[in-house]
Amino acid sequence: MSLKSKTIVFGALISMGLAGTIGFAASNNSIFKPVEPVVVNEQMKPIVELGKMLWFDPRLSRSGFISCNSCHNLSTGGVDNLKTSVGDYWAQGPINSPTVLNAEHQIAQFWDGRAKDLKEQAGGPIENPLEMASSHEIAVNVIDSIPGYKPYFKKAFGTDKVTIEEITEAIAAFEHTLVTPNSPFDKYLKGDEKALTDQEKKGLELFKTSGCIMCHNGPLLGGNSFQKMGVVRPYETTNTAQGVAGISKKDQDRMNFKVPTLRNVELTYPYFHDGEAGNLATAVRIMGELQLGRTYTKEEIADIVAWLKTLTGELPEIVIPTLPVSVDATPEFNPWAPKKDKE
């Protein structure tokens with residue numbers, strides 16, 4: 001049986017209430033899990049604090065202008081709300097910026113999964129020529145040149161020596177804290193029937209019976225598998241990203257992307273790897289057609305969207321850090337310096 005046929009048959013089984021025969025229990029808590037708060041122990045607090053400073057420090061970039069927060073803005077759901085991000089020399093990035101909120105417990109990082117964890121991911125944008133466009137060596141030299149950083153590294157790691165290992169570990173530790181618990185849906189999962197309205201409950205049931213839970217399940221409602229974009233019919237896009245195939249070089253991996261988390265999804269527009277779905281209603285309609293072979297009515301779309309908005313949790317309260325000041329030894333930044341050709 002083809003993947004397309006399996007998808008349609010699975011959706012039909014769920015609609016008839018037979019999904020349990022292929023492994024799904026009826027209880028919501030067997031499909032989804034609440035997001036739980038993160039408790040940072042005393043040993044990790046100085047590492048997290050240093051990571052927060054580095055997260056907001058644009059001096060990790062070539063231009064001295066772009067920070068981690070530029071593309072993963074913690075004021076706007078951990079994204080930049082652009083189709084694709086703005087990088088060095090105002091370069092247009094190749095792919096939509098995924099949210100950093102609740103990122104840690106995903107199967108891998110980036111749409112194509114090329115980083116196994118947050119620490120590995122944190123080092124990528126620093127040396128990516130379309131993003132921060134620096135290098136690990138230069139970034140380390142810059143941070144190491146700033147005396148005000150020394151006490152923070154000493155407190156966090158027991159040494160004031162700066163390495164890329166410590167920089168990425170600290171940033172990853174900060175990202176670990178960026179969870180969003182206590183959404184209305186979490187409260188519903190924990191037994192508060194009044195946490196959802198009747199319309200939101202209708203949307204939840206439709207989401208389940210349609211077969212969306214095949215990919216969007218677990219605590220993050222996604223982020224735990226790679227799936228083909230365009231199961232029933234091909235997804236048409238001008239974006240050149242090929243998903244996992246860009247890493248594996250295997251044609252069967254073409255258009256296979258990490259399933260995005262649906263947590264806080266009302267904040268993380270536009271949607272899909274190319275950012276072509278500008279709002280939730282459009283995203284739901286396209287996903288129904290492409291992945292399930294189903295045409296939702298306007299009322300059904302409205303119900304699902306209403307439920308999706310209950311996935312918005314309590315966003316982390318972040319106090320913007322005052323960064324250590326540059327000194328004479330700190331390299332000067334010139335965002336407008338002529339772009340060097342690759343040798």
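Because the structure is a prediction, the values reported are computed rather than measured.
The closest side-chain donor-acceptor pair between S70 and D80, if any, does not fall under 3.5 angstrom. In this model, a donor atom of one side chain and an acceptor atom of the other lie less than 3.5 Å apart for N264 and T180. For N28 and K208, the side-chain atoms include at least one donor-acceptor pair closer than 3.5 Å.
Atom CG of D198 sits in a sparse spot, with 12 or fewer heavy atoms from other residues, nucleotides or ligands closer than 6.0 Å. By the neighbour-count criterion of 12 heavy atoms within 6.0 Å, atom CD of E137 is sparsely surrounded, having that number or fewer from other residues, nucleotides or ligands. By the neighbour-count criterion of 12 heavy atoms within 6.0 Å, atom OH of Y269 is sparsely surrounded, having that number or fewer from other residues, nucleotides or ligands. Heavy-atom contacts from other residues, nucleotides or ligands closer than 6.0 Å to CZ of F65 number 12 or fewer.
Taking the six-membered ring for Trp and thresholds of 30 and 60 degrees, Y149 and Y152 have ring planes more than 60 degrees apart, a perpendicular arrangement. A tilted orientation is assigned to the rings of W55 and H72, their planes being inclined by 30° to 60°. Ring pair F32/F207 is tilted by interplanar angle, where 30° to 60° counts as tilted.
Distance check: F110 CZ to Q121 CD gives 4.5 Å after rounding to the nearest 0.5 Å. Note: L206 CG to R294 CZ = 5.0 Å, rounded to the nearest 0.5 Å. Atom CG in N256 sits 11.5 Å away from atom CE in M229 (nearest 0.5 Å). Atom CD1 of I138 and atom CD1 of I164 lie 11.5 Å apart (nearest 0.5 Å). If you take CD1 on I171 and CG on L60, they are separated by 5.5 Å, rounding to the nearest 0.5 Å. Taking NE2 from H176 and CD from E169, the interatomic distance works out to 12.5 Å, rounded to the nearest 0.5 Å.
Using a distance-only test at 3.5 Å, with no hydrogens or angles considered, a donor-acceptor pair links the side chain of Q242 to the main chain of T240. Remark: the backbone N or O of P335 is not paired with any side-chain donor or acceptor of D88 at under 3.5 angstrom. Panel note: side chain E200, backbone D303; no donor-acceptor pair is recorded below 3.5 Å. Under a 3.5 Å cut-off, the side chain of W307 and the backbone N or O of L196 do not form any donor-acceptor pair. With hydrogens and angles disregarded, no donor-acceptor distance shorter than 3.5 Å links the side chain of Y296 to the backbone of I286. Between the side chain of T168 and the backbone N or O of G123 there is no donor-acceptor pair closer than 3.5 Å. Counting only distance, with no hydrogens or angles, the side chain of D274 and the backbone of T238 share no donor-acceptor pair below 3.5 Å. Remark: side-chain polar atoms of S85 are not paired, donor with acceptor, to backbone N or O of C71 under 3.5 angstrom. A donor-acceptor contact shorter than 3.5 Å is absent between the side chain of E266 and the backbone of T310.
Comment: E36 engages K190 in a salt bridge, judged by a side-chain N to carboxylate O separation of less than 4.0 angstrom. Classification of K201 and E205 as a salt-bridged pair fails, no side-chain N sitting under 4.0 Å from a carboxylate O. With salt bridges taken as basic N to acidic carboxylate O contacts below 4.0 Å, one links D57 and R59. Ion pairing between a basic and an acidic side chain is recognised when a charged N comes within 4.0 Å of a carboxylate O; K150 and D144 show such pairing. Checked for salt-bridge contact, E165 and K119 meet the test: a charged N lies under 4.0 Å from a carboxylate O.
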Exercise for the section: Using the side-chain contact (heavy atoms from CB on, under 4.5 Å) rule, take L292 and V232 through it: C-alpha gap first, then chi angles, then the decisive distance, then the call. Expected result: CA-CA 7 Å; L292 303 171; V232 177; 5.7 Å; no
Exercise for the section: Any chance you could lay out the salt bridge (charged side-chain N to carboxylate O under 4.0 Å, His left out) test for E49 and K45, step after step, and finish with the verdict? Expected result: CA-CA 6 Å; E49 183 62 24; K45 283 182 179 179; over 6 Å; no
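Following chains of ILVMFWY side-chain contacts shorter than 4.5 Å, one cannot reach L118 starting from I107, and the two form parts of different hydrophobic clusters.
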